[in-house]
Amino acid sequence: MPQYWLMKSEPDVFSIDDLRQRPGATERWDGVRNYQARNFLRDQMKVGDRAFFYHSSCDVPGIVGEMSISCAAYPDPTAADPNSPYFDPKQNAAAPRWYAVDVKFESKFESPVTLRELKAHPELAEMQLLARGNRLSIMPVTEVQWRFIQALRKREKLKLQA
DNA sequence: GCCAACGTTGGC
DNA sequence: GCCAACGTTGGC
């Protein structure tokens, strides 16, 4: 059984369209510098898992598409790259601290399921994304939440056609 | 731009 | 181990 995730990115830095346009529609998800997010990524993400792509710190924050995990965790090369904004001077090649996975574009929602809309549904009240003060960039989504959001997405589509 | 919330750092 | 200071996230 696949697991479900939500992964945040600032669209100014890396957006769902950027992912779609990458060769093979695949890209390394690197730069994660939070231990809790790192642990999810390193210890639990498996090839074939599904993830929502979330746009944060932008005009309309929300879920904009869907991707899959195409390569399980490996040491994040940006941690050892002095030219990378994600360079970690305390990194140690013998005991890597930070990890990356590869993600593959699956689909872009015709209309995003916005943060505002997620908050409006009591069924999603337990989402970690909506927890007070939550700042995690990678977090699990339950299967029930996943399905509910997929249903919302279809409703958004109908609304567009109406 | 503001600010609440949270994680990390470092002195003690 | 405590905790103040600081930096970052991210919605508004």
Which nucleotide span of DNA chain C, 5' end to 3' end, has atoms closer than 4.0 Å to non-hydrogen atoms of chain A?
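Endpoints of the contacted stretch of DNA chain C: C:dG7 to C:dC12.
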
Given the side-chain rings of [X] and [Y], with only the six-membered ring counted for Trp, is the space between their centroids under 6.0 Å?
{"X": "A:W5", "Y": "A:Y54", "value": "no"}
{"X": "A:W146", "Y": "A:F52", "value": "yes"}
{"X": "A:F53", "Y": "A:W29", "value": "yes"}

Reference residue A:S68; test side chain to side chain donor-acceptor pair (under 3.5 Å); the match among A:K104, A:E106, A:R50
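Option passing the side chain to side chain donor-acceptor pair (under 3.5 Å) with A:S68: A:E106.
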
A:R33/A:D76 salt bridge by N-O under 4.0 Å criterion:
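Yes, charged N to carboxylate O under 4.0 Å.
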
